J.: 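Below you'll find the structure I mean.
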2 protein chains.
Amino acid sequence: MTETAPRPTLEAVAERAGVSRATVSRVVNGGDGVREPLVERVRRAVEELGYVPNQAARSLVTRRHDAIAVVVAEPETRVFADPFFALQLRGISKELTAHDNQLVLLLTEGRDDHARVGRYLAGGHVDGALVFSLHLDDPLPGLIQRAGVPTVFGGRPGWSDGSRDVVFVDSDNRGGARDAVRHLVNLGRTRVAHITGALDQTSAVDRLEGFRDIMGDAGPQLVVEGDFTPGGGERAMRELLERCPDVDAVFAANDLMASGALRVLRERGRRVPDDVAVIGFDDMLPVTEQTDPPLTTIRQDIEEMGRLMARLLLGTAGAASSVVLRTTLVRRASA
Amino acid sequence: MTETAPRPTLEAVAERAGVSRATVSRVVNGGDGVREPLVERVRRAVEELGYVPNQAARSLVTRRHDAIAVVVAEPETRVFADPFFALQLRGISKELTAHDNQLVLLLTEGRDDHARVGRYLAGGHVDGALVFSLHLDDPLPGLIQRAGVPTVFGGRPGWSDGSRDVVFVDSDNRGGARDAVRHLVNLGRTRVAHITGALDQTSAVDRLEGFRDIMGDAGPQLVVEGDFTPGGGERAMRELLERCPDVDAVFAANDLMASGALRVLRERGRRVPDDVAVIGFDDMLPVTEQTDPPLTTIRQDIEEMGRLMARLLLGTAGAASSVVLRTTLVRRASA
DNA sequence: GTGAAAGCGCTAACAT
DNA sequence: ATGTTAGCGCTTTCAC
């Protein structure tokens, strides 16, 4: 890796424009309180020299970095299985970009990485952190809180018992699940099953709660634990058909599992939605539109969640605390 | 966003350890040329104070940042459609982490963002850039080269006419395609079709070349342009069946399109592989293992590509220039 | 082997 | 409104 070529400094611009460094600095940072002709001269000098501020020097004195960290724990688990995370990242990126912030991505693979991330955040390299804490027992969130960096979580952290002053952005998983199940019930279905997500994630737990809100605790054999993957959906669906062959509706905790369930139903010759109605969660377009039949599902605006997280962190959203986003039912052919 | 708490400086550590700042600095940076007892004392002081070096101050003098940018152009296009990019990112992250480098993610959505990225890179905020240039006519690569930042490209850039001194990491798309087609031919298939990827990407072009290496220019009606998406695969497959109802083998330029093709074939009652053999490209596990039947494909080690890109950029891989990775045929049930 | 001192490029008081 | 000046926290000659 070669050295970067020497770049012009404030000093150089000041000299060229025939003003002081302070004036150049003012112009570069918005130009308030500098008279027009000077602003113009400085601007030209900046242009001609191709001057770009040295962020390190600036940070040294301002103690701001215009950078925030996005921490993603254990990518293998879920992150790379579906576009969920990518969409959120995109929302985050857009919002950060709009506010001239950089995105430092911190992927962690295991325990060793936790310490590393903790050190980095505590090191004051970034102005804040956006954290995706996937699992209930993840030690990372604690580490991060101790690092004393402003943080917004993606999804309700498992240990956030309401009282804690954690800020997070989440979908209304419970409400969405209720809508899904209610829809199935309104369709006249009476034996409604639920394929849960990985229950060490709050989203899965909340969706299960929503299911129970409508269906009560009756028929516990109609609830099968899945893992948010298509394979898990298949397994769960098989189990379901075994336990309760006359099941007439399935609410899967995400689209991926619903697609797996659909596959098994077709394999077993059950017609969807005639014999069994199926509804998913997420509205992952590449999935919902490709299934056969197209999947009815609960949509959450994932990109918006990311955008909101960033906005919360940057303080752009006012003094808002945690936000729970509404979900919407998207009817397609499967239910 | 609250202010970060004031952190101990070198000065504080020096005082506590009863040495000079210079000595502390030496210890912190490896401790060469400092006698053991002092090293020990300094280490303890660092520990007790919880000292973490201020990266901004360090960068200001060293002109290094221990950070590299990952530039991804136009995420919507491909990045979020399949886990390809996520896997590469993971490889990159692992390698960077191992060398104490941070990953600054730069997502671009359109022309405006190009200027922004160019400015950022030219601004000397990072020590290098890893760039994914998806399209042949993308102006971004040019901008980046002009920025004078060491760069490694993911995938062969379209304008890299061999002669140029661009460094990239790519799979042997052409060779892999040849293997795929050869496999189909060895199966005794005679009417082998090809669903290409988006032909404004070199990977798609190279795979098409590979197809032609084996099949020649005969039967141009057996080549249909796709776009790397499942939907594109479906459309192409329909077109193919129309043009040439007796097609007995299909090489799709990626697994996603192959899955779409599979869907259409099933829909039309063609048995796979009996009537039509299908082979994909990538070996995207979530796709290849979920299709019916499981998909035979050409595997490329995506995570390794990412790791290699990082290694090349960091100079860890010796004086290596561009690298083209071998692919392997993975036989499953579809061909 | 260790310390003293000179900046790195910038911003923010404070003068003017 | 503009200039002067004093650091921000660190590395790195250069003396000792």
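Quick note on labels: first sequence line is chain A, next is B, and so on, each numbered from 1. It should be emphasised that the depicted structure is a prediction, and the values quoted were computed from it without experimental measurement.
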J.: Could you please name the option among C:dA12, D:dC10, C:dT2 that lies closest to any side-chain atom of B:Arg21?
T.: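 It is D:dC10.
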
J.: Does C:dG3 have its OP1 or OP2 closer than 4.0 Å to a side-chain nitrogen or oxygen of B:Ser20?
T.: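 The answer is yes; a side-chain N or O of B:Ser20 sits under 4.0 Å from OP1 or OP2.
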
J.: Between B:Leu10 (CG) and C:dA5 (P), how many Å, whole number?
T.: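 Result: 17 Å.
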
J.: Going by an N to O cut-off under 4.0 Å, is there a salt bridge joining B:Arg307 and B:Glu303?
T.: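 A salt bridge is present here (some side-chain N lies under 4.0 Å from a carboxylate O).
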
J.: Output yes when a side-chain donor or acceptor of B:Ser322 lies under 3.5 Å from a complementary backbone atom of B:Val166, and no otherwise.
T.: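 Checked: pair present.
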
J.: Pick from A:Gln300, A:Arg156, A:Glu304: which one makes a side chain to side chain donor-acceptor pair (under 3.5 Å) with A:Ser171?
T.: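 Testing each of A:Gln300, A:Arg156, A:Glu304 against A:Ser171, the sole residue satisfying side chain to side chain donor-acceptor pair (under 3.5 Å) is A:Gln300.
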
J.: Compute the angle between the rotation axes at the two ends of the helix from C:dG1-D:dC16 to C:dT16-D:dA1, each taken over five pairs, rounded to 10 degrees.
T.: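 Rounded to the nearest 10 degrees, the bend comes out at 40°.
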
J.: Where the side chain of B:Thr23 is defined as all heavy atoms beyond and including C-beta, which of C:dT11, C:dT2, D:dG9 is the nearest nucleotide?
T.: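 Nearest nucleotide to the side chain: C:dT2.
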
J.: Please give, in whole Å, the distance from C:dC10 P to A:Asp66 CG?
T.: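 A:Asp66 atom CG is separated from C:dC10 atom P by 15 Å.
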
J.: Starting at atom CG of A:Asp32, determine the distance to atom C1' of C:dT11, rounded to an integer number of angstrom.
T.: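 Distance, rounded to whole Å: 15 Å.
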
J.: Just how far, in rounded Å, is P of C:dG9 from CD of A:Glu15?
T.: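 Nearest whole value for this atom pair: 14 Å.
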
J.: Rounded to whole angstroms, how far apart are NE2 on A:His65 and P on C:dT11?
T.: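 Checked: the NE2 to P distance equals 14 Å.
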
J.: Nearest to the side chain of A:Val61 - C:dT11, D:dG3, C:dG3?
T.: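 Selected nucleotide (nearest to the side chain): C:dT11.
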
J.: Has the side chain of B:Arg26 got a donor or acceptor atom that lies under 3.5 Å from a matching backbone atom of B:Gly33?
T.: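 A pair under 3.5 Å: no.
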
J.: Picking from C:dT2, D:dT11, D:dT2, which would you name as closest to the side chain of A:Arg26?
T.: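 Closest nucleotide among those given: D:dT2.
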
J.: Whether the side chain of A:Ser59 engages the backbone of A:Gln55 through a donor-acceptor N/O pair (distance < 3.5 Å, no angle test) should be reported.
T.: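 Side chain of A:Ser59 to backbone of A:Gln55, a donor-acceptor pair under 3.5 Å: yes, one is there.
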
J.: So if I take every side-chain heavy atom of A:Thr62 and compare against D:dT4, D:dG9, C:dT11, which nucleotide ends up nearest?
T.: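 Nearest to the side-chain atoms of A:Thr62, counting from C-beta on, is C:dT11.
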
J.: Of B:Ala57 and B:Val34, whose closest DNA chain C nucleotide lies nearer the 5' terminus?
T.: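 Looking at the nearest nucleotide for each, B:Val34 comes out on the 5' side.
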
J.: Nearest to the side chain of B:Arg35, heavy atoms from C-beta on, is which of D:dG9, D:dA6, C:dG1?
T.: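 For the B:Arg35 side chain, the nearest candidate turns out to be C:dG1.
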
J.: Could you grab the distance from atom CD1 of B:Ile68 to atom CG of B:Leu96, nearest 0.5 Å is fine?
T.: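 Output value for this atom pair is 4.5 Å.
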
J.: What nucleotide among C:dT11, D:dT12, C:dC14 has an atom nearest to a side-chain atom of B:Ala22?
T.: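 Of the options given, the side chain of B:Ala22 lies nearest D:dT12.
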
J.: So, the side chain of A:Asn101 versus the backbone of A:Ala67: is there a donor-acceptor pair under 3.5 Å, distance only?
T.: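 Answer holds: yes.
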
J.: How many whole angstroms separate atom CG of A:Leu38 from atom C1' of D:dG3?
T.: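 Value for this atom pair: 11 Å.
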
J.: Under 3.5 Å, is there a donor-acceptor pair between the side chain of A:Asp127 and the main chain of A:Arg64?
T.: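 No.
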
J.: For the pair made of CZ in B:Arg58 and C1' in D:dT12, what is the distance, rounded to whole Å?
T.: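 Taking atom C1' of D:dT12 as the reference, CZ of B:Arg58 is at 13 Å.
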
J.: Could you tell me the separation between the CZ atom of A:Arg7 and the P atom of C:dC8, rounded to a whole number of Å?
T.: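 Those two atoms, CZ and P, are 14 Å apart.
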
J.: Measure from the side chain of A:Asn54, starting at C-beta and using heavy atoms only, and say which of D:dC14, C:dG9, D:dG9 lies closest.
T.: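 My answer, after comparing the listed nucleotides, is C:dG9.
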
J.: Nearest-nucleotide wise, let me know which of B:Leu60 and A:Ser25 is further upstream toward the 5' end of DNA chain C.
T.: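 Closest to the 5' end, via its nearest nucleotide, is B:Leu60.
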
